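This one's a predicted model, so the numbers in the text were calculated from it and none came from an experiment.
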Amino acid sequence: MNAKKIIAAIALVAALASVSACGGVKDDAANAAGENSVLVGTTDKVTSLDPAGSYDNGSYAVQIQVFPFLYAQDYNTSELSPDIAADDGTWSKDGKQFTVKIKDGLKFANGHTLDSKDVKFSYDRINTINDPNGPSSLLANIDSIETPDANTVVFNSKVPFDVTLKQVMSSPAGPIVDDEVFSADKITDADTIVSGKAFAGPYQIDSFKLNEAVSYSKNGNYQGLTPVKNSGVQVKYFADASNLKMAVEQGQVDVAYRSLSPTDIEDLGKNSKVKVVKGPGGEVRMLAFNFKLQPYGESQKDADAVKAKAVRQAVASLIDRDELSQKVYKGAYTPLYSFIPDGLTGHEDTLKAYTDNGKPDAAKAKKTLSDAGVPTPVDLKLQYNGDHYGSSSADEYAAIKSQLEADGLFKVDLQQTEWTQYNKERVVTDDSDGSYPVYQLGWFPDYSDPDNYLSPFFRDGNFVNNGYSNKKVNDAIVAQAGEKDEAKREGMLKDIQKTETDDLSTLPMLQGNQVAVTGSNVSGVVLDPSFRFRYASVVKN
């Protein structure tokens, strides 16, 4: 063995030892360092292993490895195929029922039978629990579910011929869980899930230490779309992107995925020891406005809807997306002036109306505030998060603060909060107005359809939970989901965006691509229009 191979072997052993030291991962080094075992590094954070308690990329990245779906995307396509479903499903003549047959002989890793009652249970519990950080908003078009026999599931749809229904089945609301392990009415903790081996996806989790390490092994009972090609996967969670970059450079991880900084990606692209893998975008970075706490918001002593809207619109006039794109993200993210990203049906740059053809327009912002009787500078508390949305968030929001303050129209109090706390405190509920008047939000799509950039944000019960509600928008989103005429649906999508452009409950700013960095001996990393990174295809050569 030459010196380079010895160093690489030492680095791999050190990496595995580091993972073990984090706790929760088996210290069976022989198993963890199997011939084709893959070590993945990430800075993403997990909110909950239970699908009912999370609606974030870090949690979903784990769930897609261990839970099956009725439908999912095969590699290199956004089109849906049966995962544990046995067919493509059929609509009733009136479009009110969608019937799915599931495969025979399905089992969870613990040996429990997986049948139609588990499917119904999985969807019903998400609605019953209705966790503010969960995906229940995606199920708004499902009225009820019936199970006439062990292999048949009937979805009763509120929207006839709902064009998004199968997409929802492939989304964070779609994982099928074990009704003998999971609670029907409360979030099930990770220890119960792992010890109960309640997995029927490509992998099972052998050990789990929240946001430190996860050990996956092949699930021999899996009968779905993406069988495992490696001998297992170890995932290590890093505190920051710089350490993740160093780990992939030194061969301590085989794959680095989310979230390396643009500077790190640019630098790694020049390194012959690693490969940079890119995939189609869909990720969106935006500002969210808390309708209760923002200046002149509903819970403020000086509440005034006209002034509150003027504040939101003035912010929209001052954001310099080109500066954020080029100076902060070095082109990894591009300017976005639409609620539906470029490349999807219905995309239209309606947000340019607040700018000078895409450039910030301070004169327009000043007039907007003046016409509404808003004195300046406006005090604005702005919150962001760097451990979930990436280390470049600090530079991004420093730039936004500077942009908003440049002409004396705003005085910004910029603050940062750790993700698990941030994700709870941002939410408006019946008992709380939330904590952040204006805050950073990101979106990594559940499925490749324009509806996924509208329903989760603007329908009643949306995941943003920022106190926004507009019946006209809500009804229009429901209507477009059932429109089979593509031209008519496109017009409806554009009309929704025009209304949202006036309301501005969120302000999209940037859209970006998927990026992973691998060792030179790693292949099979597929970043495609499914917007999922599945470990099953990754191998070491």
Side-chain angles (χ1 to χ4, degrees), residues 51 55 69-73 78-80 82 85 87-101 116 119-120 122-128 130 134-148 152-176 339-340 344-347 443 445-465 468-500 505:
Y55 195 3
F69 297 74
L70 289 174
Y71 299 98
Q73 298 89 348
S78 62
E79 299 299 316
L80 292 169
D87 58 25
D88 290 324
T90 56
W91 282 103
S92 60
K93 289 184 179 181
D94 61 4
K96 293 182 178 180
Q97 289 189 324
F98 185 76
T99 301
V100 182
K101 293 286 186 179
S116 61
V119 176
K120 174 178 169 57
S122 299
Y123 285 91
D124 285 350
R125 69 186 296 271
I126 288 177
N127 278 326
T128 298
N130 195 26
S136 59
S137 61
L138 288 173
L139 303 180
N141 290 354
I142 298 174
D143 188 33
S144 62
I145 300 173
E146 301 172 19
T147 54
T152 306
V153 185
V154 179
F155 290 85
N156 295 305
S157 179
K158 297 177 184 177
V159 179
F161 300 106
D162 181 2
V163 297
T164 69
L165 181 56
K166 285 179 69 174
Q167 299 275 16
V168 167
M169 294 177 188
S170 72
S171 77
I176 307 306
F339 293 93
I340 296 174
L344 291 179
T345 300
H347 169 84
W443 183 245
D446 308 307
Y447 47 85
S448 184
D449 186 273
D451 175 83
N452 198 229
Y453 293 89
L454 301 178
S455 287
F457 293 92
F458 311 125
R459 282 189 69 172
D460 293 346
N462 61 72
F463 105 99
V464 183
N465 287 301
Y468 171 75
S469 178
N470 183 322
K471 187 178 186 305
K472 177 182 176 182
V473 170
N474 186 83
D475 294 348
I477 292 175
V478 173
Q480 63 80 30
E483 181 52 66
K484 293 188 291 183
D485 185 303
E486 293 183 5
K488 288 183 179 179
R489 186 180 184 223
E490 181 175 2
M492 296 165 76
L493 292 167
K494 289 182 177 181
D495 286 344
I496 292 167
Q497 289 182 96
K498 289 175 183 175
T499 303
E500 274 306 317
S505 65

| request: Over all heavy atoms of both residues, which pair between Val100 and Phe155 is shortest? Give the atoms and the distance, please. | output: CG2-CE1, 4.2 Å
| query | Distance-only, no hydrogens or angles: does the Gln480 side chain make a donor-acceptor pair with backbone N or O of Ile477 under 3.5 Å? | reply | yes
| field | Candidate pair Leu138 and Asn452, rule side-chain contact (heavy atoms from CB on, under 4.5 Å), full reasoning | value | CA-CA 9 Å; Leu138 288 173; Asn452 198 229; 3.9 Å; yes
| request: Answer whether the closest heavy-atom distance between the side chains of Thr99 and Ser92 falls below 4.5 Å. | output: no
| field | Backbone of Val154 reached by a side-chain donor or acceptor of Gln97 within 3.5 Å | value | no
| task | Mind checking the CD-CG spacing from Glu490 to Asp495? Nearest 0.5 Å is all I need. | result | 11.0 Å
| task | Could you note down all residue pairs passing salt bridge (Lys or Arg N to Asp or Glu O under 4.0 Å) where residues 475-488 supplies at least one of them, sequence neighbours left out? | result | Lys471-Asp475
| query | So, Lys166 side chain and Asp88 main chain: donor-acceptor pair closer than 3.5 Å or not? | reply | yes
| said: Does Asp124 form a side-chain contact (heavy atoms from CB on, under 4.5 Å) with Ile145? I'd like the steps, not just the answer. | reply: CA-CA 8 Å; Asp124 285 350; Ile145 300 173; 4.2 Å; yes
| query | Among Asp143, Ile142, Val478, whose side-chain contact (heavy atoms from CB on, under 4.5 Å) with Lys158 holds? | reply | Asp143
| Pair Ser455-Asp451, side-chain donor/acceptor within less than 3.5 Å | yes
| message | For Lys96, I'd like to know if atom NZ has over 12 heavy atoms of other residues, nucleotides or ligands within 6.0 Å. | response | no
| field | Least distance between heavy atoms, Ala173 atom then Pro175 atom | value | C-CD, 3.4 Å
| field | Aromatic ring pairing Phe463/Trp443, orientation class (parallel under 30°, perpendicular over 60°, tilted between) | value | tilted
| query | Distance-only, no hydrogens or angles: does the Ser171 side chain make a donor-acceptor pair with backbone N or O of Val168 under 3.5 Å? | reply | yes
| request: Measure the spacing between CG of Asp87 and OH of Tyr71 and express it to the nearest 0.5 Å. | output: 5.0 Å
| message | side-chain contact (heavy atoms from CB on, under 4.5 Å) for Phe339 and Ile496? Distances and angles first, verdict last. | response | CA-CA 9 Å; Phe339 293 93; Ile496 292 167; over 6 Å; no
| field | Gap separating the OG1 atom of Thr164 from the CG atom of Asp449, nearest 0.5 angstrom | value | 7.0 Å
| task | Give the minimum heavy-atom separation between Gln167 and Leu80, together with the two atoms involved. | result | N-CD1, 3.6 Å
| query | What's the verdict on side-chain contact (heavy atoms from CB on, under 4.5 Å) for Thr499 and Phe458, showing C-alpha distance, side-chain angles and the deciding distance? | reply | CA-CA 11 Å; Thr499 303; Phe458 311 125; over 6 Å; no
| said: Show the nearest heavy-atom pair for residues Leu70 and Val119, with the distance to one decimal. | reply: CD1-CG1, 4.0 Å
| query | Mind checking whether Trp91 and Phe161 have parallel, tilted or perpendicular rings, split at 30° and 60°? | reply | tilted
| Counterpart residues, side-chain contact (heavy atoms from CB on, under 4.5 Å), relative to Asn127 (two or more places apart) | Ser136, Leu139
| request: Kindly give the heavy-atom pair with the smallest separation between Asn462 and Asn465, and that separation in Å. | output: OD1-N, 2.9 Å
| Between Lys101 and Thr152, does a side-chain hydrogen bond (donor to acceptor under 3.5 Å, both in side chains) hold up when you go through it step by step? | CA-CA 5 Å; Lys101 293 286 186 179; Thr152 306; 2.6 Å; yes
| query | So, Ser157 and Asn141: side-chain donor and acceptor under 3.5 Å apart, yes or no? | reply | no
| request: Determine the minimum heavy-atom distance between Ser170 and Gln73, stating which atoms define it. | output: OG-NE2, 3.8 Å
| query | Looking at residues at least two apart in the chain, or sitting in another chain, which of them share a ring pair (Phe, Tyr, Trp, His ring centres under 6.0 Å) with Tyr468? | reply | Phe291
| query | Can you tell me if Glu146 uses its side chain to pair, donor with acceptor, with the backbone of Asn156 under 3.5 Å? | reply | no
